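The block underneath contains the structure these notes are about, expressed in C-alpha cells.
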Amino acid sequence: VEVLTGNCDALETHGSDENGLSIYDLDPGETVFIRWYPQESDSGFDWILSFDNIEAGDNCSVAVTAALGVNTSTKTPYWAKFTVPSDGNVIISSVGLTSLPTYLRVYDACGGNLIGSNYFNDYQSQVELNELTAGTELFIEWADYYSSDSFDWSIKISQAMAFEPLANKTYGDSDFDISGAASSSSGLSVTYSVARGPASLDGTILTLTGAGEVVNEATHSGNDSYLPAEPVQQTFTVAPKTITASNVIVSNKVYDGTT
C-alpha cells in the first residue's frame with residue numbers, strides 16, 4: 001500500500017509498506033490518496049481504514065517537551081523534544097533507570113537526520129552528543145519492541161567551572177575562606193581540595209602549613225541533571241616568614257607560624 005498527499009496531478013508519497021501503514025502527521029482536512037499494489041493476484045480484497053486521535057508523544061509533531069534530569073515515557077513508542085540550554089555535551093540515557101529493553105533514536109529535527117541511536121547491552125540505551133550549541137533542538141524517540149510499559153530516562157548536560165585567582169600569602173598568615181572563589185555554570189555548589197603544596201583544607205577554610213606553591217582544585221561530581229565537571233585549578237605562592245631576632249642565643253627551632 002502507498003499513501004500519497006498533494007494535488008491529484010502532483011502527488012507526493014507520504015509513506016508505503018507491504019503489510020499496512022500508519023500515518024501520524026496529517027493535518028485536519030488534508031486529502032489522502034491510497035494506492036494498493038497486488039503482489040500475487042489481481043483479485044479483489046477487503047482492507048480497513050481507521051482514524052485515531054493523536055496524543056502527546058505519539059510522533060515527533062506532537063513530541064512532549066522534556067526537562068533536564070529524569071523524565072518518564074508513559075508508553076512506547078514515545079517522542080520527546082529538548083532544547084539545549086547552553087553550549088556543551090548532552091547525554092540521553094535509560095541506563096540504571098529501568099530494566100525494560102529500550103531503544104533510543106535522536107534526530108536533529110522532526111523528520112530530520114538521525115544523529116544518534118543505541119540499543120544498550122543490558123537492554124538499556126544511551127546516546128552522548130558532544131559540542132552542541134545553545135538552542136539546538138533534539139527530537140528523541142524511545143521504543144520498546146517487547147513492552148508498552150512506562151519507564152524513566154534522563155537528560156544530563158555538561159557544566160563548566162571557573163576559579164578566580166587566589167592572592168599570594170606569607171607563611172604565618174591566618175586561615176582564610178576560599179568559598180565563592182570557584183563557581184559552576186550549573187549554579188551547583190563546588191567542592192574544593194588541595195591538589196598539592198603546603199596547605200590543608202577543612203571545608204572551604206584553608207590553613208597554610210609551610211612555604212611554597214599551593215595548588216587548589218575545584219570540581220563538582222554531577223547530579224541527575226548535570227554531568228561531572230572537569231576540575232579546574234588555581235595556584236598561589238606562600239612566601240617564607242621573615243624573622244628578626246636580637247639579644248638571643250641562637251638555637252635550632254621550627255617556626256610554628258607564631259614564634
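Residues take their numbers from the sequence shown, with the count starting at 1. Please read all numbers here as calculations on a predicted model, not as lab measurements.
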Do [X] side-chain atoms and [Y] backbone N/O form a donor-acceptor pair below 3.5 Å?
X	Y	value
N130	E128	no
N7	D9	no
T204	I178	no
T136	V84	no
Y107	I140	no
T74	S150	no
N118	Q126	yes
Y226	G69	no
D177	S179	yes
T191	H220	no

Shortest non-hydrogen contact from P85 toward A134: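 For P85 versus A134, the nearest heavy atoms are O-CB, 3.8 Å.
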N89 and L227: which non-hydrogen atoms are nearest, and at how many Å? O-CD1, 4.3 Å
Testing the 3.5 Å rule here: is there a donor-acceptor pair between the side chains of [X] and [Y]?
X	Y	result
D152	T72	yes
E2	Y37	yes
T76	S148	no

Looking at F236, is K169 sitting on its ring face, NZ or CZ under 6.0 Å from the six-membered ring centre and within 45 degrees of the normal?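 Because its charged atom misses either the 6.0 Å distance or the 45° angle limit, K169 does not stack over F236.
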Here's a test for you: under side-chain hydrogen bond (donor to acceptor under 3.5 Å, both in side chains), which of S184, S189, S183 qualifies with S186?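 One option only clears the test, and that one is S184.
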Plane angle bin for W47 and W36 - parallel if under 30°, tilted between 30 and 60°, otherwise perpendicular: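 Taking W47 first and then W36, their aromatic rings sit tilted (interplane angle of 30° to 60°).
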Lys/Arg N to Asp/Glu carboxylate O, K75 vs D149, below 4.0 Å: no
Given the options Y78, W153, W79, W142 meets ring pair (Phe, Tyr, Trp, His ring centres under 6.0 Å) only with W153
